Structure formats: structure tokens, C-alpha cells
Protein chains: 2
Amino acid sequence: MPRRSQSEMAILGGLSMQPMTAYALREAIKDVLGHFWSESFGQIYPALSQLEQQGLVTRSHASRPGSSAYSVTPAGLERLRELLSEPVVETPPRHGLLLRLFFGRILGPGQCRELLLTARAKAERRIAEYEAIERKVREEDAGSPDLPYVLITLSSGIHGSRAQIEWATEALALLGDQTSAGNHPPRPKESQP
Amino acid sequence: MPRRSQSEMAILGGLSMQPMTAYALREAIKDVLGHFWSESFGQIYPALSQLEQQGLVTRSHASRPGSSAYSVTPAGLERLRELLSEPVVETPPRHGLLLRLFFGRILGPGQCRELLLTARAKAERRIAEYEAIERKVREEDAGSPDLPYVLITLSSGIHGSRAQIEWATEALALLGDQTSAGNHPPRPKESQP
DNA sequence: GTGTGCATGTAATGAGTTACATGATTAC
DNA sequence: GTAATCATGTAACTCATTACATGCACAC
């Protein structure tokens, strides 16, 4: 369960869906897994060489000289299954927005409101993105055995974003939601219902 | 914007609420900010020495010899305000559960279901924790100017967890939920308790 | 012929965790 | 007295990002 093998998992998983070059793999991770995963070049290239040495992937010469497409070997698929079965590694949380709001007394209600409005707007944009992708994959990948799983990860994003919108709205109300730019002193709230 | 200053922010913020030793600060970050922030010893001690050199915190001899409590200087408070105003640093996502589900075809529906059930159970436990903390702070910190901000961060956790429960339930249904271990009928939207 | 995109890789750098070494104090 | 907790600090290590160096191919 070292963190290292998390990258391995993403790489083998990506290649298991479709053989491709390292460059394309990185693009795919950015575009497709982007909402919940990230890998950089500095990870992917060394990891691929290592996977090749272990016989978990093979490189075959692609159309263009100098470029090579990787694909997963049967042993690699076995390894992937193994990795996927390992317990989820929890990454230590680092939620900058919440940290700022926690110290909101220092920052003042005005700036806190701005932070919340921005976060809400972002969440709204994210939902639109997710729904667009959902429509796309439902059409393009109709019938694919991967489709339900792709939909599940998308759904997670949508649920999370919706929750953030509700939360931000509630928090704004708690801070005394005047949507004007004017400076209002923090009116003490009545005891919460 | 450098990530480094994120630790500074957490440290100054923590000390701004109450002067304490480095050890106590770490405990506080673990217990109080734990849901959305983390710092380790290896970060805190060097950062504190640096902050002291910059005159942003001062150490005063505490009750016990060999231990010293830190408190924020006026300059430190100014710096904190500055840091809090800087744009939120987005950390690259690394969501192990979603990665596994995305490759769910490899893992198979059975193991995916298990993952979802575990995630849902965890979210339920988290909600109970948050609600316990909420009751506690409403009582202990009643009237404190920090209270509304603490409640906002707690509320974020509760909303997020509720969303995860709903998502997991939906996903389980999508995968063909035979095991109704723990019945989760759609929760009617209600005003807060 | 030049800019953009595809493609590969290495080096520098920094962030952050963990383990270790050390010792005082408190509780039993 | 001894175990647990409080307390401080450093060193080693891992993980990951970013910048850099390089070059081909294709469109305009």
C-alpha cells in the first residue's frame, strides 16, 4: 500500500482501457480522470520504464518514429487487479477554502462571503461540465462494459458539487447574506433554530 | 501562493486562537482542523523557528522547563490576514476510491459494491462525529466570535458526507443492489434540526 | 520557414511524512 | 519505579511537480 503503487494503478488502468503512448496517457489522465486524479510527466515516464522492466507492460512501435505505444500484458492485468483490491490510501486533507473560513474571524465576513460565492459559482460550473460529459459518454460509450463505472464517478462529482452549493448557500445565510457590495457590520445571529 | 505558506497560515491561525506549545499546536491541528487540514511535526517545528526569526511569533517560557508557548505578534496577525487573503491553492486530486471504481470493470461488481458499502458506512460515522462536535461547540463556545466560522466548516463536512451517502446508495442501485444491508430510503429534504 | 502539437526524457526542487533520538513530568 | 504522555528537534526518505533540453511532423 505504498503511495507509489497508486501511480502504477492509474497507469495500468489507463492502458488497460486502451494502449497508447506515454504522452497520450498523461493527456487521458488529465482529461478523463482529471476530476479525481492527477499524474505528472515526472511520474509517468519513470514508472512506465519500471513497469516495462517488470514485464507488466510492453512497448510496440507506433506509427511515428520515436514514439511507442504501451499496452498491458496479462501479468500487468493481474497486477492491476491486485492493486485495485488493496485498501484505499487516504491522502492527508488539505482544504484551503475551509482553512480560510475556519479563521474567518480574522478575515472578516465580507471576504468570507466572497470566498463562498466564488466556491458556489465554481461548483455550478463543475456540475454543468459533468453533465455535459455524462451526455457524451452515454451516447458514445453506450453498451460499453465501462459505462456504468464511468457514470458512477461522474455521479460522485455531481453529488459533491451539489452538496457544496447547498452548503455555501447555507453558510452565506449564516453570515447574514446581503448580496450588496456595501459594508455591513456583522449582525449577531439569533440562536439557531 | 507557494504551498509553503499554507503551513504558515495554519500555524499562525491556530496560535491566533490561543497561544500554545508546538506539541499542543499539532494536537489541535489534528483534532480540530483534522477533517480538512493536516500538518506533521516535521513541518511545524522548522516553520515555527522561521516564524520566530521573522518576528511573527514569540516564545514565552511556559510552566514547564524545556517547553515554550508560542503566541502571535501584531506583525504575525498582519501576516496571517495577508495569507488568508491570498487565493486558495488547489491541491491536485488523488481520490483512491473513485480511481478504483473507474476501473470497476477490472475489479468486478462484487468488490465495487463492497467499496461503496464501506465508503457509505464511513460517511455515516463521520456525520455522527460532526454532529457530536457541533453540539459540543455550540455549548462551549456559545457567544464566541469564532463560533459561526467553526459551524460553517462543520457544516461542510456534514453536507459532503450526506452527499456521499446518497451517491453511494445510487451507485449501489446502479450496480444491481441485491444486498440491502442497511436500508437507505431517499432522505426527505428537511430543515436543519 | 515557422509555429503548434506530439513525443520523450532528466534534473532540480520542494513538499511532507516518518522514524529516530532525547528527555522531562505525571499518574499509577 | 515504570509506563504513558508531553515536549522538542533532526535526518532520511518518498513523493510529486516543474522546468529544462531535445527533436519530429505537419499545417499554414
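In the text below, chain A, chain B and the rest are named by the order of the sequence lines, each starting its count at 1. Given the structure is predicted, the values throughout are model-derived calculations rather than measurements.
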Checking Arg79(B) against Gln54(B): is there a side-chain donor and acceptor pair closer than 3.5 Å? no
Candidates dG16(C), dA16(D), dG9(D) - which lies nearest the side chain of Ser7(B): dG16(C)
Could you please name the option among dT17(C), dA16(D), dT8(C) that lies closest to any side-chain atom of Thr21(A)? dT8(C)
side-chain contact (heavy atoms from CB on, under 4.5 Å) between Leu97(B) and Gln164(B), worked out: CA-CA 12 Å; Leu97(B) 174 63; Gln164(B) 191 162 40; 4.0 Å; yes
Is it true that the side chains of Arg94(A) and Ser7(B) contain a donor and an acceptor less than 3.5 Å apart? yes
For the side chain of Arg59(A), starting at C-beta, report the closest nucleotide among dG9(D), dT18(D), dG9(C). dG9(C)
How long is the straight-line distance from OG1 of Thr153(B) back to CZ of Arg100(A), given to the nearest 0.5 Å? 14.5 Å
To the nearest Å, how far apart are Leu25(B) CG and dC6(D) P? 15 Å
What does Ser38(B) touch in the nucleic acid at a heavy-atom separation under 4.0 angstrom: a base, only the sugar-phosphate, or nothing? sugar-phosphate
Glu39(A) CD to dT18(D) P, in whole Å, measures 13 Å
Taking the side chain of Ser40(B) as heavy atoms from C-beta outward, which of dG16(C), dG9(C), dT18(D) is closest to it? dG16(C)
According to the ring pair (Phe, Tyr, Trp, His ring centres under 6.0 Å) rule, which pairs have a member within residues 113-148 of chain B, sequence neighbours left out? His35(B)-Tyr130(B)
Tyr23(A) side chain near dC6(C) phosphate (N/O to OP1/OP2, under 4.0 Å): yes
Gln43(A) has a side chain; which of dT17(D), dG16(C), dT8(D) sits nearest to it? dT17(D)
side-chain N/O Arg94(A) vs dG16(C) OP1/OP2, d < 4.0 Å: yes
In whole Å, what is the span from the CD atom of Glu8(B) to the C1' atom of dG16(C)? 16 Å
To the nearest Å, give me how far apart CZ (Arg26(B)) and P (dA19(C)) are. 12 Å
How long is the line joining CG of Leu51(B) and P of dG9(D), in whole Å? 13 Å
When you match Glu27(B) and Tyr70(B) each to their closest nucleotide on DNA chain D, which lands nearer the 5' end? Glu27(B)
For dT8(C), does OP1 or OP2 lie under 4.0 Å from any side-chain N or O of Ser68(A)? yes
In this structure, how many angstroms lie between the C1' atom of dG9(C) and the CD atom of Gln50(A), rounded? 16 Å
